[in-house]
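This report refers to the structure that appears directly beneath it.
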Protein chains: 2
Amino acid sequence: MSLNSAFYENADPLLLAVDCIIFGYTPEGLKLLLFKRRVEPFAGAWSLIGSFVQRDESVEEATSRILEEATGLSHIFQEELGVFSSVNRDPGGRVISIAYYALVRIQEEDADLLALHQASWFPVDQRPPLILDHEAMVVAGLDKLRRKARYQPLGFELLPEKFTIPQLRSFYEAILQREVDQGNFRKKILAMGILEKLAEKDRASSKKGAHYYRFDRDQYDRQVQEGFDFTI
Amino acid sequence: MSLNSAFYENADPLLLAVDCIIFGYTPEGLKLLLFKRRVEPFAGAWSLIGSFVQRDESVEEATSRILEEATGLSHIFQEELGVFSSVNRDPGGRVISIAYYALVRIQEEDADLLALHQASWFPVDQRPPLILDHEAMVVAGLDKLRRKARYQPLGFELLPEKFTIPQLRSFYEAILQREVDQGNFRKKILAMGILEKLAEKDRASSKKGAHYYRFDRDQYDRQVQEGFDFTI
DNA sequence: CCAAAAGTGTTTGCGATACACCCATGT
DNA sequence: ACATGGGTGTATCGCAAACACTTTTGG
């Protein structure tokens with residue numbers, strides 16, 4: 001170890017956890033993936049999914065591990081939200097938690113896994129009471145998602161691979177919580193040059209049918225390189 | 001303890017630290033407060049100031065404690081920057097660090113304390129090599145400060161209580177790293193209605209003299225309440 | 001009276017908003 | 001043929017950017 005390990009040995013060891021706010025989206029609105037807690041205290045209550053950070057992994061790796069265990073998906077969008085560290089936040093022990101939010105396409109996760117974990121998608125504004133300070137985490141996550149979606153292309157993590165302009169507009173109406181003008185939205189988003197138009201049309205919601213588009217991440221990255229601003 | 005304490009007892013305890021990126025500002029530009037490290041490994045090298053989080057304090061409290069110990073000031077602006085948790089980031093032990101950035105008025109801190117801690121202010125673009133991953137923390141802090149100062153009134157934490165419009169403009173030129181038009185800047189910032197004009201003038205930098213102003217936080221908070229956007 | 005910085009006024013152009021209008025098609 | 005949602009075009013307003021101009025005062 002080090003030449004002066006007393007410095008390290010005199011420090012208080014703590015438990016460090018990660019809790020994940022997993023967001024999804026359907027045409028009905030934003031959703032939140034919640035889990036029935038299995039351990040005391042508060043066994044049986046609704047909770048975010050979480051885990052302790054292990055000695056041999058970084059916090060990001062712990063988050064990826066948790067997300068993959070819970071949904072069966074890897075490479076999920078994840079970003080740190082904040083540290084929750086009140087001394088008495090967890091009656092079970094002195095645990096400091098790093099909250100992450102994650103974005104998943106609701107169709108893609110493994111239904112059996114969700115059942116196994118006793119997990120359910122809730123509309124964000126109809127969420128049940130949550131354990132510990134998880135409600136505060138969700139509020140912070142919602143706030144961050146709503147702010148950030150305005151100037152970063154987070155929506156494309158939540159929508160299906162293929163989507164129509166009206167669907168994308170509905171998503172932003174849900175996020176921004178206000179109406180968005182059809183024509184202006186279409187012109188603006190297409191002018192960015194980051195959507196690839198597909199031949200296929202969606203005929204489910206109108207007789208004329210709406211063209212499907214796909215997010216072109218390479219093009220987006222190139223635009224950003226040139227100082228382009230995504231803001232909706 | 002809990003009914004199922006095995007859940008907690010089987011977890012790996014870790015050391016949690018806080019490291020502070022302390023920014024200051026002088027007319028010459030942005031400054032960074034660095035410290036000579038006293039303990040091995042890397043004793044004698046330049047470092048951010050930090051400390052382990054103790055069992056009986058939150059991470060925010062630990063940060064305030066560190067900042068007060070280092071500068072003699074309380075109620076310093078502080079905000080979390082990110083978690084640094086690579087498994088091998090610290091050869092001294094398995095330490096996960098939460099980086100905070102803090103903003104102080106350079107005149108106000110206690111000079112004796114700085115000497116006691118072997119601390120010095122460095123121009124941000126002339127900083128020495130730093131221990132561990134502190135260089136990455138500084139880069140992240142600079143990035144966050146530069147982004148955030150554009151749409152949050154962080155500048156007023158760094159400038160003296162009283163400042164002139166030209167001084168404020170110089171600050172934003174340093175932050176944004178580009179020239180800012182005099183006339184337009186003055187009109188915009190005054191139109192926000194968050195500056196209080198003082199009778200006194202600064203005659204140091206011109207014969208005509210420039211009026212001093214003071215940031216009116218109450219007015220700012222009221223404006224924000226009404227959906228006002230600060231963006232420079 | 002002139003240089004130098006503070007401070008004011010004027011013009012211009014682009015982008016956001018509002019909204020009118022045209023298109024395609026299943027019933 | 002018409003209702004319905006997709007898609008296009010156009011007028012307007014506000015505001016940021018550029019920049020010319022006026023003010024003040026010490027040397």
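Every chain is numbered from 1, with letters handed out A, B, ... down the list of sequences.
Of the residues in residues 200-207 of chain B, those placing a heavy atom less than 4.0 Å from an atom of DNA chain D are B/R203, B/K207, in numerical order. Within residues 222-232 of chain B, no residue places a heavy atom under 4.0 Å from DNA chain D.
With salt bridges taken as basic N to acidic carboxylate O contacts below 4.0 Å, one links B/E69 and B/R65. For B/E200 and B/K162, the salt-bridge test passes: some basic side-chain N is under 4.0 Å from an acidic carboxylate O. Ion pair B/E157/B/R217 flagged as a salt bridge, since at least one NZ, NE, NH1 or NH2 atom sits closer than 4.0 Å to an Asp/Glu carboxylate oxygen.
For the pair A/F230 and A/A149, the tightest heavy-atom approach, listed with the atom from each and the gap, is CE2-O, 4.0 Å. Looking at every heavy atom in both residues, A/A102 comes nearest to A/I76 through CB-CG2, 4.0 Å.
Think of the region where chain B sits on DNA chain C: with heavy atoms and a 4.0 Å cut, that region ends 5' and 3' at C/dA5 to C/dT10.
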Query raised in the report: A/W121 and A/I106: side chain to side chain contact (heavy atoms under 4.5 Å, CB included), yes or no, with the steps?
Result: CA-CA 9 Å; A/W121 287 103; A/I106 285 194; 3.9 Å; yes
Report task. Go through B/D202 and B/T164 one step at a time and tell me if the side chain to side chain donor-acceptor pair (under 3.5 Å) criterion holds. Result -> CA-CA 7 Å; B/D202 165 40; B/T164 67; 4.8 Å; no
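For the pair B/K208 NZ and D/dG27 C1', the computed distance is 18 Å after rounding to whole Å. At whole-Å resolution of the value, CZ in B/R186 and P in D/dT23 are 15 Å apart. If you take CG of A/L190 and P of D/dG6, they are 14 Å apart, rounded to a whole angstrom.
Checked against the 6.0 Å centroid criterion, the rings of A/F156 and A/F163 qualify as a close aromatic pair.
Between A/P129 and A/W46 there is no side-chain heavy-atom pair separated by less than 4.5 Å.
Under a cut-off of 6.0 angstrom, the local environment of CD in B/Q107 is crowded, with over 12 non-hydrogen atoms contributed by other residues, nucleotides or ligands. More than 12 heavy atoms of other residues, nucleotides or ligands shown are found within 6.0 angstrom of CD on A/E28.
Applying the side-chain hydrogen bond (donor to acceptor under 3.5 Å, both in side chains) test to residues at least two apart or on different chains, the pairs with a partner in residues 138-152 of chain B are B/E79-B/K148, B/D143-B/R147.
Take B/R222 and apply the side-chain contact (heavy atoms from CB on, under 4.5 Å) test, not counting sequence neighbours, and it matches B/D218, B/Q219.
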Atom pairs, protein N/O to nucleotides 17-21 of chain D N/O, distance under 3.5 Å:
{"residue": "D/dA17", "atom": "N7", "partner": "B/N184", "partner atom": "ND2", "Å": "3.4"}
{"residue": "D/dA18", "atom": "N7", "partner": "B/N184", "partner atom": "ND2", "Å": "2.9"}
{"residue": "D/dA18", "atom": "N6", "partner": "B/N184", "partner atom": "OD1", "Å": "3.1"}
{"residue": "D/dC19", "atom": "N4", "partner": "B/D181", "partner atom": "OD1", "Å": "3.4"}

